[in-house]
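Working notes, structure below.
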Protein chains: 2
Amino acid sequence: MDRRAEDLTARARIRDAAIRLFGERGIEGASIRDIATAAGVSSGLVRHHFGSKEALREACDQYAKERMLEVSEELATSGGVAALDPVALHPRVFPLQLYLVRSMMDGSETATALFLGAVETIEDWSKGYGINPQDRRAYSAALAAIKLSVFVFRDQVSKALGEDITSPNGYARIGQGMLDVFSIPIITQDQVETIRKQEK
Amino acid sequence: MDRRAEDLTARARIRDAAIRLFGERGIEGASIRDIATAAGVSSGLVRHHFGSKEALREACDQYAKERMLEVSEELATSGGVAALDPVALHPRVFPLQLYLVRSMMDGSETATALFLGAVETIEDWSKGYGINPQDRRAYSAALAAIKLSVFVFRDQVSKALGEDITSPNGYARIGQGMLDVFSIPIITQDQVETIRKQEK
DNA sequence: ATCTTGACTACACGCTCGTGTAGTAGTTTG
DNA sequence: CAAACTACTACACGAGCGTGTAGTCAAGAT
């Protein structure tokens with residue numbers, strides 16, 4: 001997580017520690033005392049700045065959302081593979097993505113809204129790109145979920161590759177793996193037709 | 001979760017309730033008392049049968065693993081799309097998958113071993129199927145993660161589609177969406193080459 | 001008829017959690 | 001210089017947790 005000038009305050013340290021620990025252990029799994037210790041402050045100060053655990057989580061949601069949208073815009077203007085990646089899948093935002101995924105699984109509305117936004121972005125992009133699936137909405141939702149899957153299973157994927165996917169090399173490999181999934185069709189459109197008829 | 005003859009015992013009811021609640025709320029999020037209430041027994045009986053929460057989780061891991069492998073074999077022999085789906089993605093095993101994903105995220109070795117097994121199965125399958133990605137291991141790991149992603153984000157995907165993906169209709173739609181992802185290449189192999197050169 | 005065993009419950013324990021309260025130190029404001 | 005405010009800590013609270021213990025009850029063995 002890269003720092004900004006105002007971010008040397010205790011409040012920012014608490015928020016950063018919360019995002020990291022919530023992301024690693026889940027919301028229930030990380031206690032206020034753990035977060036306070038990680039940030040090098042007393043547990044009372046967490047309460048002083050954020051009021052409650054729920055409010056701390058909302059502050060984290062908001063911050064993660066803002067940062068994600070910032071990075072997303074940066075990548076959109078820089079071109080490259082970015083267009084393929086409306087919700088940025090960039091090593092820089094690993095901790096944020098990890099946190100958002102956990103927050104989503106624990107029912108965060110802000111995080112879920114980000115997901116829905118990503119689905120819409122993919123919908124628009126796929127239209128402009130000339131992709132015409134049977135059910136564009138379902139296609140876009142599947143793609144949005146797919147892009148987050150690597151974060152969810154980062155430990156398992158790392159174990160499968162034999163190297164941490166947060167390392168430059170591991171990240172490059174799994175990124176390449178994803179590109180292969182997106183470039184090599186594993187069934188033909190004809191087969192898809194056949195399956196759909198079977199199901200009816 | 002479908003029942004078997006022996007499954008009318010209190011022990012089985014506890015295990016089923018545990019798999020459901022662990023899957024819905026995470027391991028930390030579901031207490032022994034919650035599970036006991038859901039199974040219609042006292043919390044002491046959970047301890048009597050399983051010893052500890054950790055042991056209960058391991059029993060759930062083991063049971064989920066066995067059932068998954070059973071279903072996996074069934075689907076493999078029944079042909080159809082099954083070959084495409086070495087780790088069965090079948091509505092029948094939704095609660096099991098949900099549980100295994102949660103257990104995996106909380107560091108279960110049994111669940112992680114299942115994931116690694118799936119990666120190997122996909123590796124073998126992709127070879128026999130004539131798919132030749134740059135990095136077969138990374139490709140297989142990505143595919144394994146992708147297949148589980150729908151379970152992780154089932155609430156978000158359901159919200160995006162406007163209908164529950166555990167319903168027959170919703171399941172058919174997201175299944176179709178996945179098939180479209182696997183049948184429509186979104187970048188060409190040439191573009192992949194270009195990107196790889198850029199990154200170097 | 002008594003003993004044993006296993007399924008099952010009730011209840012109490014110590015711990016950690018989120019939260020509440022009181023108070024201190026340093027800076028800002030009048 | 002005093003008052004007020006803000007960042008911050010220490011400590012106590014009640015609740016819920018996993019766990020431990022004691023005991024009930026029905027069924028089968030001796």
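In what follows, chains carry the letters A, B, and so on, assigned in the order in which the sequence lines appear, proteins first and then strands, with residues in each chain numbered from 1.
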Atom-to-atom span, NE2 of B/H48 to C1' of D/dG23 - whole angstrom: 13 Å

Residues in side chain to side chain donor-acceptor pair (under 3.5 Å) contact with B/D180, at least two apart in sequence or another chain: B/Q176

Listed partners of B/Y99 passing side chain to side chain donor-acceptor pair (under 3.5 Å), at least two apart: B/D61

Residues forming a salt bridge (charged side-chain N to carboxylate O under 4.0 Å, His left out) with A/E28, sequence neighbours excluded: none

side-chain N/O A/H49 vs D/dT6 OP1/OP2, d < 4.0 Å: no

Give every pair of a protein N or O atom and an N or O atom of nucleotides 17-19 of chain D that lie under 3.5 Å apart, one pair per line with the distance.
residue: D/dC17; atom: OP1; partner: B/S31; partner atom: OG; Å: 3.3
residue: D/dG18; atom: OP1; partner: B/I32; partner atom: N; Å: 3.4
residue: D/dG18; atom: OP1; partner: B/K53; partner atom: NZ; Å: 2.8
residue: D/dG18; atom: OP2; partner: B/I32; partner atom: N; Å: 3.0
residue: D/dG18; atom: N7; partner: B/R33; partner atom: NH1; Å: 2.9
residue: D/dG18; atom: O6; partner: B/R33; partner atom: NH2; Å: 3.1
residue: D/dT19; atom: OP2; partner: B/K53; partner atom: N; Å: 2.9

Is there any salt bridge (Lys or Arg N to Asp or Glu O under 4.0 Å) pair reaching into [range], and which pairs are they, with sequence neighbours excluded?
| range | result |
| --- | --- |
| residues 112-123 of chain B | B/E120-B/R137, B/E123-B/R137 |
| residues 46-59 of chain B | none |
| residues 149-173 of chain B | A/D135-B/R173, B/E163-B/R173 |

Output a table of nitrogen or oxygen pairs between the protein and nucleotides 24-28 of chain D separated by less than 3.5 Å.
none

B/S103 side chain to B/A111 backbone, donor-acceptor under 3.5 Å: no

Which pairs of donor and acceptor atoms, one on a side chain in residues 33-45 of chain A, lie under 3.5 Å apart (sequence neighbours left out)?
residue: A/D34; atom: OD1; partner: A/S31; partner atom: OG; Å: 3.4
residue: A/D34; atom: OD2; partner: A/R25; partner atom: NH1; Å: 3.1
residue: A/D34; atom: OD2; partner: A/S31; partner atom: N; Å: 3.4
residue: A/D34; atom: OD2; partner: A/S31; partner atom: OG; Å: 3.2
residue: A/T37; atom: OG1; partner: A/R33; partner atom: O; Å: 2.9
residue: A/S42; atom: OG; partner: A/L45; partner atom: N; Å: 3.4

Non-neighbouring partners of B/A144 that pass side-chain contact (heavy atoms from CB on, under 4.5 Å), sequence neighbours left out: B/F115, B/V119, B/I122

Any residue meeting side-chain contact (heavy atoms from CB on, under 4.5 Å) with A/Q62, in chain and number order, not counting sequence neighbours: A/K65, A/E66, A/T110

Outermost nucleotides of DNA chain C that come under 4.0 Å of a non-hydrogen atom of chain B: C/dA7 to C/dA12

